[in-house]
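Convention: sequence-line order gives letters A, B, ...; per-chain numbering from 1.
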Amino acid sequence: MFAGTGRREWSKEAKRVVACMGSQRIIGGGLGLSEAGPSTHHHHHVPSYGVLHGINTANPSTLINEGHAFNFGELEEAIVLQGVKARNDEGKAPLFTTAPRPAATLEMFPSWPIRFHQTSRGGSKSGGESTDSALSTKTEPPFEAESPMSKKATTPSLDHQHQLQHDHHDASRIVGPSSSPQNQSQAKSPHEKRKGAGSTSEKPLDAKTLRRLAQNREAARKSRLRKKAYVQQLESSRLKLTQLEQDLQRARSQGLFMDCGGVGGNLSSGGAMFDLEYGRWLEEEQRLMGELRNGVQAAVSEGEMRGIVDGYLSHYDELFRLKSVAAKSDVFHLINGMWTSQAERCFLWIGGFKPSDLITMLIQQLEPLAEQQIMGMYGLRHSSQQAEDALSQGLDQLQQSLVDTIAGGPIVDGVQQMVVAMGKLANLEGFVRQADNLRQQTLHQLCRLLTVRQAARCFIVIGEYYGRLRALSSLWASRPRETLMSDDNSCQTTTDLQMVHPSHHQNHFPSF
Amino acid sequence: MHYQTASWGNYVAASRNNGMVGVGVDPLERIERLASENAVVIFSISSCCMCHAIKRLFCGMGVNPAVHELDEDPLGKDLERALIRLLGTSSVVPVVFIGGKLVGTMDRVMACHINGTLVPLLKEAGALWL
């Protein structure tokens, strides 16, 4: 079965076996074997044999051996015999702490020097006293079970806990011949323990031992449950992490999360929430843009086109609704435009686009328009400009009033000053709401002025325009900075941009 | 309009007392009366910035609105309460009446302006010429 090979080879294999064992959590106390890894859980009912079989399946070659050929079958026999012997000796002295026991154990493994065995037990003994000893903890429980007198007050549950933590630690530690006696004595003792616990046909067990066995079972079960909970927690955290990474990736690719730097700390949950929602809104907007383009190219029916156009319009309504919610929790986030791309931020007006600028752009792009429609567009631009001026002046007055409140007044009245200032700041939300209202009304009016197909083209232009601004922002953010050091830097950066351009963002520049 | 004829006596008394109105004058009535005095009437608060914005809007259009500052009126609080009941919102100023009829707060005024109904309304009330 296990052919003895040269020393070097077996040590390598020993490490492998031990690593397998460690990872399979075979190094566990008694019934804790049932929490061993997937490859051994089918050995649940035969824990002790499970260890051995685990080793079997993991590495069919040499078990840890001091260099002598080893008959595993003999070992199994010996273990069974030992178990029987243990039952017979139950009423007498504790199993492993007195001299006779070690001698009995040594009978099984005649080739191993006594000192290895003693260190393992010595370790376990010391582990009994100090539960945070790494070496001891893994050997603790089996001995604990068998020797009622051996340990002072150490609770098996604690040991199991440390065991879980130190499992890998142990695997890395036991890379030598000294591990084998521990493994096999552990292999032996769980078997014994199990036999002790399960057998009713044997001699009646000592009450103390029974209690200890029960405690161990309890501890093992608790640690199994703990492990399960921990693993579940890890799994859910992992899922959350991947989700967050995806969101972040998406946001970054749209050039949203530029270096927040100083404002990063001020990013409230309302603002962060809005950023996420805006990211999703953008994705949906891209999808609707696709629908619009398809509708125009495929020349769908009027009714269907009307549906698509209305869908796009209500998507913008949704954005304004999201913004009004966000304005309540974090109006500064909307006003400073950190939720939008850099190029869009450049043209920001009270937390969004300026309607009159958009209409100016549209008048140029939607060239073949009827006279009446052109007049309507100019009229819309005019009204929008008037409303924008009014709001801007109102905002200026708010700023002035705020400055007067903060700067003026005696220091004594500080708190009152702040209260007044806070009251004035609250008006900001109103201005953002009115600005969004203006944007919303402008878009709706555009739809009324134009025919369905013109409206579709209009929305495609709008979507394209902002898509290009976002693309420009991300290109700008990723532009090569080293070239800025040279004299003819402008030429170089342009070239780089041109080189970059064909490869990315092709979908942002289709002709329409 | 029929309110005025019915409470003519009250109105005369009020105008004589010049603000020393008794409990007889309903604030809502007073609002209606004030609203019908001019083509464009704005109820505002002097420290409110949105009111400033709406004033600038009308002035920018060439309209000369009559502004009633509620914080400068001794019975301003009553009027404010009546306006709140009328409109159903807590942030009530600025409120705009054109030709004696209620238009609404900033939302409505801007929406009307954008969809092109504000200017005809102003012309009809005689606040705008051409």
Chain A contact via B:Cys51 - side chain, backbone, both or neither, heavy atoms under 4.5 Å: neither
Below 4.5 Å from any heavy atom of chain A, which atoms of B:Met110 appear? Answer side chain, backbone, both or neither. side chain
A:Tyr465 atom OH: more than 12 heavy-atom contacts under 6.0 Å: yes
Flag yes if more than 12 heavy atoms outside A:Met361 fall under 6.0 Å of its CE atom; otherwise flag no. yes
All donor-acceptor atom pairs under 3.5 Å, backbone and side chain, chain A-chain B:
unit_1   : atom_1 : unit_2   : atom_2 : d
A:Gln386 : OE1    : B:His113 : NE2    : 2.8
A:Gln393 : OE1    : B:Arg56  : NE     : 2.7
A:Gln434 : NE2    : B:Asp107 : OD1    : 2.5

Option that, when pairs with chain A are counted at under 4.5 Å, heavy atom only, ranks first among B:Ile54, B:Ile114, B:Leu118: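 Looking at each option in turn, the highest pair count goes to B:Ile114.
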Do B:Met106 and A:Leu391 have side chains that get closer than 4.5 Å, going by heavy atoms?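 SC-SC contact between B:Met106 and A:Leu391 confirmed.
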Heavy-atom nearest pair, B:Ala53 first then A:Gly394, reads CB-CA, 3.9 Å
